[in-house]
Asks: 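Have a look at the structure that comes next, please.
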Amino acid sequence: MSSPSYGNTRVKIKKNKHRDRFKLFFMALPFLILCFTFSYLPLYGWIYSMFDYRPPFKLYQCDFVGLKWITAIVTNPVYRNAIGDVLRNTFAISGLNLLTSVLPLAFAVFLNEVKRGWFKRIVQVLTTLPNFISWVLVYSVAYVFFSTGDGVVNKLLMDMHIISSPINFLASDNHTWLSMTLWSLWKTLGWSAIMYLAAIAGIDQELYEAAKVDGAGRFRMMWNITVPSLLPTFFVLLMLSVANFLNNGLDQYYVFQNAMNKAHIQVLDLYVYNIGVGSMNFPLATAVSMLKSIVSIALLFTVNGVSKLLRGETIV
């Protein structure tokens, strides 16, 4: 039989647990409200895919058409071919981004090997700064270097007599997927490497000391200690990228698009913007956006299942 003092202690511990839970709940409440407001409340807009909505009419003044626009994506050959081309561009650019996702890891590993602190800081700052530049300014940089008028690259090539007339790099459809990947890589390389540099800082230094005692050189320590320690971080980021496969964003492709490269630069987000705001076909844009969300959720749970199968860990 338990003593009264022991019973009082258990009651006190139970009360403290309830109090801590309420504290945690109220600390998380503002973020739950933000998540609901900006992530779940906009889902009400999906209702526009079920009406023949035409601005400036009110929604109740438009005809209810049910799943007409969703089925049109599959049955109408014009929409089907257009979305097929857009998906091809989306998968190609996202695939290239996945292939280059190992470069921030490699960059962080080699930057960590730089022993001169001032040089290391300069490189890190110079590679991180582009992440804070808007895509409009990135296009301005591209224009300075690759325009046909005063473009640095064209002037250099002509001065070296490699070309006789300027090449319009920005209005060319050649290698559009590759150029978009390279611009994205230039903008995000340093920023993406920060997480790997933080993970490197957390590696137990005794591992390196033990490796030095065993006669390991810098490359062997890098290959056998640093890289394996970063792989868990790399795989988590890779899985998040796969789950986010269809979300290329809009800004980059909007500022770089023109009549010449439109066939290969129009990704899913840009297509939704063009048919919604450009062509004022809001129901079709909403239907395409809905399908994109459903496919993204399916990809997320597929990746989550693969992660659980291979690593025994899940990300959601």
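Remember, it's a predicted structure, so these values are computed and weren't measured experimentally.
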Asks: Is the shortest heavy-atom distance from the side chain of Thr226 to the side chain of Tyr208 under 4.5 Å?
Replies: yes

Asks: Above 12 or not: heavy atoms from other molecules or residues under 6.0 Å from CZ of Phe64?
Replies: yes

Asks: Is the number of heavy atoms from other residues, nucleotides or ligands within 6.0 Å of CD (Glu206) greater than 12?
Replies: no

Asks: Can you tell me which residue pairs pass the salt bridge (Lys or Arg N to Asp or Glu O under 4.0 Å) test with a partner in residues 278-303, sequence neighbours excluded?
Replies: Asp269-Lys292

Asks: When the aromatic ring centroids of Tyr253 and Trp135 are compared, is their separation below 6.0 Å?
Replies: no

Asks: For the CG atom of Leu32 and the OH atom of Tyr40, what is their distance to the nearest 0.5 Å?
Replies: 10.0 Å

Asks: Quick one, Glu113 with Phe219, criterion side-chain contact (heavy atoms from CB on, under 4.5 Å). Give me CA distance, side-chain angles, the key distance, then yes/no.
Replies: CA-CA 9 Å; Glu113 293 300 316; Phe219 181 78; over 6 Å; no

Asks: Would you say Trp118 and Ile122 make side-chain contact, with heavy atoms under 4.5 Å?
Replies: yes

Asks: Rounded to the nearest 0.5 Å, what separates atom CG in Asn247 from atom OG in Ser293?
Replies: 8.0 Å

Asks: Could you tell me whether a side-chain N or O of Asn112 sits under 3.5 Å from a main-chain N or O of Ala108, the two making a donor and an acceptor?
Replies: no

Asks: Could you tell me if the side chain of Tyr271 sits less than 4.5 Å from the side chain of Asn274, heavy atoms only?
Replies: no

Asks: Would a single hydrophobic cluster contain both Tyr53 and Leu67, if residues Ile, Leu, Val, Met, Phe, Trp and Tyr are joined by side-chain heavy-atom contacts under 4.5 Å?
Replies: yes

Asks: Do the side chains of Val272 and Leu284 join up, straight or via other hydrophobic residues, at under 4.5 Å, putting them in one cluster?
Replies: yes

Asks: For Thr75 and Arg80, work out which heavy atoms get closest and say how close.
Replies: O-NH1, 3.5 Å

Asks: Would you indicate whether Lys58, at its atom NZ, is surrounded by more than 12 heavy atoms from other residues, nucleotides or ligands within a distance under 6.0 Å?
Replies: no

Asks: Count I, L, V, M, F, W, Y as connected when their side-chain heavy atoms are under 4.5 Å apart, and connections chain through other members. Are Leu103 and Leu178 then in the same cluster?
Replies: no

Asks: Taking Ser101 for its side chain and Leu98 for its backbone only, find out whether a donor-acceptor pair lies under 3.5 Å.
Replies: yes

Asks: Any idea which heavy atoms bring Ile47 and Leu59 closest together, and the distance?
Replies: CG2-CD2, 3.8 Å

Asks: Please indicate whether Lys262 has more than 12 foreign heavy atoms, meaning atoms of other residues, nucleotides or ligands, lying under 6.0 Å from its NZ.
Replies: no

Asks: Mind checking the CZ-CD spacing from Arg88 to Gln266? Nearest 0.5 Å is all I need.
Replies: 10.5 Å

Asks: Is it the case that the side chain of Asn154 and the backbone of Ile167 share a donor-acceptor pair, with hydrogens and angles ignored and the cut-off at 3.5 Å?
Replies: yes

Asks: Quick check against the 3.5 Å criterion: does Asn258 have a side-chain atom that pairs as donor or acceptor with the backbone of Asn261?
Replies: yes

Asks: Taking Asp214 for the side chain and Ala216 for the main chain, is one N or O donor matched with an acceptor at less than 3.5 Å?
Replies: no

Asks: Testing the basics here: between Ser49 and Met290, what is the closest heavy-atom pair and its distance to 0.1 Å?
Replies: OG-SD, 3.3 Å

Asks: Within a radius of less than 6.0 Å around CE of Met195, do more than 12 heavy atoms belonging to other residues, nucleotides or ligands occur?
Replies: no

Asks: Give the C-alpha distance, both sets of side-chain angles, the deciding distance and a yes or no for side-chain contact (heavy atoms from CB on, under 4.5 Å) between Tyr79 and Asn281.
Replies: CA-CA 12 Å; Tyr79 294 145; Asn281 193 341; 3.9 Å; yes

Asks: Just verifying a value: how many Å separate Leu291 CG and Leu87 CG, rounded to the nearest 0.5 Å?
Replies: 9.5 Å

Asks: Counting only heavy atoms from other residues, nucleotides and ligands, does the tally under 6.0 Å from CZ of Phe38 exceed 12?
Replies: no

Asks: If you compare all heavy atoms of Ala263 against all heavy atoms of Asn89, which two are closest, and at what distance to 0.1 Å?
Replies: O-ND2, 3.0 Å

Asks: Taking the ring of Phe282 and the ring of Tyr48, is the distance between their centroids below 6.0 Å?
Replies: no

Asks: Can any side-chain N or O of Ser184 pair as donor or acceptor with the backbone N or O of Met180 at less than 3.5 Å?
Replies: no

Asks: Is it the case that atom CH2 in Trp191 sees more than 12 heavy atoms from other parts of the structure closer than 6.0 Å?
Replies: no

Asks: Whether the side chain of Ser147 engages the backbone of Val144 through a donor-acceptor N/O pair (distance < 3.5 Å, no angle test) should be reported.
Replies: no

Asks: Are Gln124 and Leu111 packed together at the side-chain level, in the sense that at least one heavy-atom pair is separated by less than 4.5 angstrom?
Replies: yes

Asks: Mind checking the CZ-CG spacing from Arg19 to Leu24? Nearest 0.5 Å is all I need.
Replies: 12.0 Å

Asks: Using side-chain contact (heavy atoms from CB on, under 4.5 Å), reason through Val123 and Phe119 one step at a time and then give a plain yes or no.
Replies: CA-CA 6 Å; Val123 172; Phe119 180 71; 3.8 Å; yes

Asks: Could you tell me if the ring centre of Phe91 sits under 6.0 Å from that of Phe245?
Replies: yes

Asks: Do the side chains of Ile194 and Leu189 join up, straight or via other hydrophobic residues, at under 4.5 Å, putting them in one cluster?
Replies: no

Asks: Does atom CH2 of Trp46 have more than 12 heavy-atom neighbours, drawn from other residues, nucleotides or ligands, at distances under 6.0 Å?
Replies: yes

Asks: Once you round to the nearest 0.5 Å, how far does CG of Leu105 lie from CG of Leu238?
Replies: 11.0 Å

Asks: Check whether any side-chain heavy atom of Leu129 lies under 4.5 Å from a side-chain heavy atom of Ile133, and answer yes or no.
Replies: no

Asks: Are any side-chain N or O atoms of Ser279 and backbone N or O atoms of Gly276, one a donor and one an acceptor, separated by less than 3.5 Å?
Replies: no

Asks: Run the numbers on Leu170 and Tyr139 for side-chain contact (heavy atoms from CB on, under 4.5 Å), then give the verdict.
Replies: CA-CA 9 Å; Leu170 297 177; Tyr139 184 80; 4.0 Å; yes

Asks: Please examine the side chains of Phe51 and Pro283, heavy atoms only from C-beta on, and report whether any two atoms are closer than 4.5 Å.
Replies: no

Asks: With a 4.5 Å heavy-atom cut-off, do Phe234 and Tyr196 have their side chains touching?
Replies: yes

Asks: Measure across Ala142 and Trp183 and return the closest heavy-atom pair with its distance rounded to 0.1 Å.
Replies: CB-CZ2, 3.4 Å

Asks: Donor-acceptor pair, distance only, cut-off 3.5 Å: does the side chain of Ser172 make one with the backbone of Asn168?
Replies: no

Asks: Going by side chain to side chain donor-acceptor pair (under 3.5 Å), His264 matches just one of Thr176, Asn174, Asp173. Which one?
Replies: Asp173

Asks: Distance-only, no hydrogens or angles: does the Ser229 side chain make a donor-acceptor pair with backbone N or O of Ile225 under 3.5 Å?
Replies: yes

Asks: Specify the closest pair of heavy atoms between Val267 and Gly249, including all atoms of both residues, with the distance to one decimal.
Replies: CG2-O, 4.0 Å

Asks: Same cluster or not: are Val153 and Val138 linked, directly or through other Ile, Leu, Val, Met, Phe, Trp or Tyr residues, by side-chain heavy atoms under 4.5 angstrom apart?
Replies: yes

